[in-house]
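A short write-up of the structure that comes next.
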Amino acid sequence: MTAPAAAEAALAKTYDPAGTESRWQQAWESSGAFHPDPAAEGDPFSVVIPPPNVTGSLHMGHAFNTALIDTIVRFQRLQGKNVLCLPGTDHASIAVQTILEKQLKAEGQRKEDLGREAFLEKAWAWKAESGGTIVGQLRRLGYSVDWQRERFTLDAGCSTAVIEAFNRLHEQGLIYRGEYLVNWCPASGSAVSDLEVEMKEVDGHLWHFRYPLTAGAAADGCTHLEVATTRPETLLGDTAVAVNPKDPRYAALVGQTLALPLVGRQIPIVADDHVDAEFGTGCVKVTPAHDPNDFAIGQRHNLPLITVMARDGSMNEAAGRFQGLDRFEARKAVVAAMDAEGFLVKVEDYRHSVPFSDRGKVPVEPLLSTQWFVRTEPLAARCREALENADPRFVPERWTKVYRDWLTDIRDWCISRQLWWGHRIPAWFVVSETGGEITDSTPYVVARDEAEARTKAEAQFSGGSHAHPVVLEQDPDALDTWFSSGLWPFSTLGWPGELNGAEPADLARWYPTSVLVTGFDIIFFWVARMTMMAGALMESRGDASAAWIPFRDVYIHGLVRDENNRKMSKSAGNGIDPLLLIERYGADALRFALVREVAGAGQDIRLDYDRKSDTSATVEASRNFANKLWNATRFALMNLGGETPASLGEPDPAALQLADRWILSRLARVNRETAERYGNYGLGEAAKGLYEFAWNEVCDWYVELIKRRLNPGENPSPAALADQRTARAVLAKVLGELLVMLHPLMPHLSEELWHGLTGQPESSFLALQSWPALDQAALDNQLEAQFAELIEAIRVVRNLRALAGLKPSQSAPVSFVTGRAELAALLQEANPDITALTRAETVAVLSPEQAEAAPAAKALAGVSGELQVLLPIEGLVDLDALRGRLEKDIAKADREINGLAGRLANPNFADKAPPEVVLECKANLAEAEAQAALARRRLGDLG
RNA sequence: GCCCGGUUAGCUCAGCGGUAGAGCGCCUGCCUUACAAGCAGGAUGUCGCUGGUUCGAAACCGGCACCGGGCACCA
């Protein structure tokens, strides 16, 4: 019993993806199909996936990203490349810690109650659960990644990489520690980077205050300056008022002092260009410790920094009587006090933007704090240089500018976070120097481990002797998640490897990676961080940017939006669980739907979805396509007589019929186009092209055309049997190659059907086959054009039959009239096909002369080009419908004649347009005129 | 304020110099032995507005309008 016969018996009428998908997922994984050997043959092709955060479960955006990456890597595998697709997850320091703290809070606890160690245990437990869910979801999508190489940004290997990277950057002076104004998130109790701050428009107020001059009154009688602020509580930390140096109103006052209300401090009036004389009163209160612009003014004028707020967002001792109040209460209290003491001039409603913390969802507080920073400009400069060689190459190209602009005028990156979950900073404070405590002035050493830190510290602080043992304490802070994510393309490949050893095999083989596929929303967070890190750390690979840049291409895709065009996100609560759609329609259907929607260059995709029923018409359409392929294969299995593409062999070119040559030409063309599209990130076009070829050409026409040949009936002649074999061979070839081409998009279904069709054992995989060779010789433009005419002719007949109200089962005679010998020959050759596809009683092909000579019977008539189609079925004809049809034809031809004639009548057209365009235009005009004339005559015949 | 997308059939989108397209939805007729998750046929558009370039513009250039996004930000 052959495999196909078994499959035939097993094939149900409709495709049921559930069992099929899990079966192949297990077979691929257990066989190690996607576990490549770095020593294996084939050009390397590698992708590291964007590691999803272990913050819960995957959403549709991940499914989209997965569908794109998997399509690409599966295609490259079919191209014979040595493909590595490496999976993993991200520890998402701040996001996960926020979730855990929220959980603790619900239980009435704080993390401090647990202690660091117990808290981290909880975090690892969370990671195990969420990571497991995510990995399960990725498997359900059929992701052809190497699970044996799965990584986590906080695993041992990544930790080694992070420590090494931190040390090297520190040694190169690219990491420093210092006190600066940072974005402080009171909700998470940590500093955050500029990228984690989001400006939001809020309705607030602009309070106008009067600050009195210390000197009483100036020469012009002025006794005070008026300032306006949106943040009254910060006035407690004011150390100056600034005016524009060119502002004549205040020129005389610069250098004088003001008495700061409520506080009484004397503060100077300074002149600074930052101040816009046109805005408000032209006077700005300056709070260097609580505002980035004021900080800069303070630097320029050497102003003191007075911090009036604590890290939890409450006012500190410097705030005097306001100490202990939360910042928002303090705001009210300060305003009330100012009003009471007569300093409040007025309050205006004012809409302005306020920086919010992405995670904490509260306004961030610019706060003076000692933190670790990465000096970004030298790293960015190296990346900008690389960009001159198009490293990396962005697809679509327009993202290059976004990336370059961000790398220009970049600010230093604050990398320390006051968090526990994450990579602990590999710096040790020599607390024995500062009385056992970490203060801003405690010296520190950066090292790879505590032993190395001790050696370094002893060398520095105890003269190398053990007489005065140093006491070390590791920095309690953790690193920004993106620090470890920034190392992802090489930390996952084994970097840094053994000390002084050769490069790890994976790194040597697969670095740089071939392409990074990700959404535009993390170009700054992630893409640029990776290129900057690589620029500093991959120096051993040489100076040429192509050697160290972590990916040759960056394929940027859009976001998945919901049915209301909103970005799908967990917080908005409008996410769609991919598993729901997978369960309903299958992973292949979901993947195909997502890729098919992507066609445009990186546009967002809108996935239609009915939340009441959990259905999606888009995904359903793809499911239907899967079912179509299923049935096409089922048809083949029922008609190949137990043979396979291999046993049938290549069809004999001499035996090919018209339809065979046509479909083989189309197959070759689709092969060429599809390979090109897959290779150029034209994934949506590849999907659409295959969909149309499979459904509209193979199923609708080719299969219908060969049914007759596949079933030669009782006692077939040897010629009929030979022709049956030819049709079988072509069908098997077309279907077999189509399945290979579809495999990157619909891996499970194609794998299943390919096994059914080829009878290959379970241990052999379509996923590891070769892309079908392109049959150049089969390409035939002229044939494809002719065949399109034949299809059109058949359509006209069908249309006329529909007009006549003929039942599909009723047969009717058909006549074609054409003056073109080639077309006549084609129609003759296709006579049996036409008969079959139009239920023709007889098919006659006549020249115009012959038609003229014959007595003009009442007939349905239609035209296609200059071809006339006649259905002489007097009596059955609905004359009005027929007239309507002819009038429509005439109107259409007339419109065309008008347009074409008008164009030809324009002397400029004949002079300036290319000759072939003019000729084509004339030909089209002649045809349209002939068509109109024919239709008019037929209309006249009807009386 | 600066930058980037988008505006084409009821919906979702392709087309990006030579006579307007697909899928879904809609209408009509069909259970034709692969598939009703199907087959055949059909209807549907001042291609946002406005100038210009061109023999010819949905497409190229300018302006405008509206929608979406990013960056910066004046207290």
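Note that this is a predicted model, so its numbers are computed, not measured. Order of the sequence lines sets the chain letters (A, B, ...), proteins ahead of strands, with each chain counted from 1.
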Base of B:A40, side chain of A:R798 - is there a donor-acceptor contact under 3.5 Å? no

Over all strands shown, is A:S353 touching base, sugar-phosphate only, or nothing at heavy-atom distances under 4.0 angstrom? base

Would you say A:I897 and A:L925 make side-chain contact, with heavy atoms under 4.5 Å? yes

Checking N1-N3 plus N6-O4 or O6-N4 for Watson-Crick, or N1-O2 and O6-N3 for wobble, each under 3.5 Å, the partner of B:G29 is B:C39

Reckon A:V227 touches a base, only the sugar-phosphate, or nothing at all at heavy-atom distances under 4.0 Å? nothing

What orientation do A:W695 and A:F625 show, parallel under 30°, tilted 30 to 60°, or perpendicular over 60°? parallel

Length of the line joining A:K807:NZ and B:A40:C1', which is rounded to integer Å: 13 Å

Any N/O donor-acceptor pair, A:E704 side-chain to B:A34 base, under 3.5 Å: yes

Mind checking if A:N906 touches a base, just sugar-phosphate, or nothing, with heavy atoms under 4.0 Å? sugar-phosphate

Under 4.0 Å, counting only non-hydrogen atoms across every strand here, what does A:C699 touch: a base, just sugar-phosphate, or nothing? base

Under 3.5 Å for both donor-acceptor distances, Watson-Crick or wobble: does B:C24 have a partner, and if so which one? B:G10

For B:U19, the Watson-Crick or wobble counterpart (both distances under 3.5 Å): none

For a 4.5 angstrom cut-off between non-hydrogen side-chain atoms, does A:P288 reach A:T239? yes

Is A:P914 touching bases, backbone alone, or none of the nucleic acid, heavy atoms closer than 4.0 Å? base

With no angle test and no hydrogens, is the base of B:C35 tied to the side chain of A:K628 by a donor-acceptor pair under 3.5 Å? yes

Looking for any heavy atom pair under 4.0 Å, which part of the strands does A:K707 touch: base, sugar-phosphate only, or nothing? base

Check whether any side-chain heavy atom of A:T615 lies under 4.5 Å from a side-chain heavy atom of A:Y585, and answer yes or no. yes

Quick one: which of B:A34, B:C55, B:G18 gets closest to the side chain of A:R634? B:A34

Which part of the nucleic acid does A:V286 contact within heavy-atom distance under 4.0 Å: base, sugar-phosphate only, or nothing? nothing

Across the strands shown, which category fits A:Y350 at heavy-atom distances under 4.0 angstrom: base, sugar-phosphate, nothing? sugar-phosphate

Heavy atoms only, 4.0 Å cut-off, all strands: where does A:D700 land among base, sugar-phosphate and nothing? sugar-phosphate

Considering only B:C3, B:C24, B:C13, which nucleotide approaches the side chain of A:K688 most closely? B:C13

Respond yes when some side-chain nitrogen or oxygen of A:W695 is under 4.0 Å from OP1 or OP2 of B:C39, and no when none is. yes

Which is true for A:R404 with a 4.0 Å heavy-atom rule: it touches a base, it touches only sugar-phosphate, or it touches nothing? nothing

The side chain of A:A632 lies closest to which of these nucleotides: B:A72, B:A34, B:C55? B:A34

Mind checking if A:F625 touches a base, just sugar-phosphate, or nothing, with heavy atoms under 4.0 Å? nothing

Can you give me the closest heavy-atom contact between A:L710 and A:A727, atom names plus distance? CD2-CB, 4.0 Å

Does a side-chain N or O from A:N624 land closer than 4.0 Å to OP1 or OP2 of B:G38, or not? yes

salt_bridge(A:D833, A:R708) N-O dist < 4.0 Å: yes

Within this structure, what is the CD1-to-P distance between A:I794 and B:G41, rounded to whole angstrom? 10 Å

Give a yes/no on whether any side-chain N or O of A:K13 is located under 4.0 angstrom from OP1 or OP2 of B:A36. yes

Quick one: which of B:G41, B:A34, B:G18 gets closest to the side chain of A:R903? B:G18

Can you measure A:K200 atom NZ to B:C71 atom P for me and round it to whole angstrom units? 14 Å

Only pairs with both distances under 3.5 Å count, Watson-Crick or wobble alike; so what is the partner of B:C2 in this structure? B:G70

Could you identify the nucleotide paired to B:C60, looking across every strand shown and requiring Watson-Crick or G-U wobble geometry with both distances under 3.5 Å? B:G52

Quick one: label A:R801 by what it contacts on the DNA or RNA (base, sugar-phosphate, nothing), any heavy atom closer than 4.0 Å. nothing

In whole angstrom, what separates A:I523's CD1 from B:C71's C1'? 13 Å

note: A:M199, atom CE; B:G69, atom P; distance rounded to Å ~ 17 Å

Would you mind reading off the distance between A:E692 atom CD and B:G23 atom C1', rounded to a whole angstrom? 9 Å

What's the CG-P distance between A:L235 and B:A75, to the nearest Å? 16 Å

By the 4.0 Å heavy-atom rule, please label A:N627 as base, sugar-phosphate, or nothing. base

Take atom OH of A:Y609 and atom P of B:C24, then tell me their distance rounded to the nearest Å. 21 Å

Please confirm whether A:F343 and A:F209 have ring centers closer than 6.0 angstrom. no

Hey, is A:E685 close enough to A:R677 for a salt bridge, meaning N to O under 4.0 Å? no

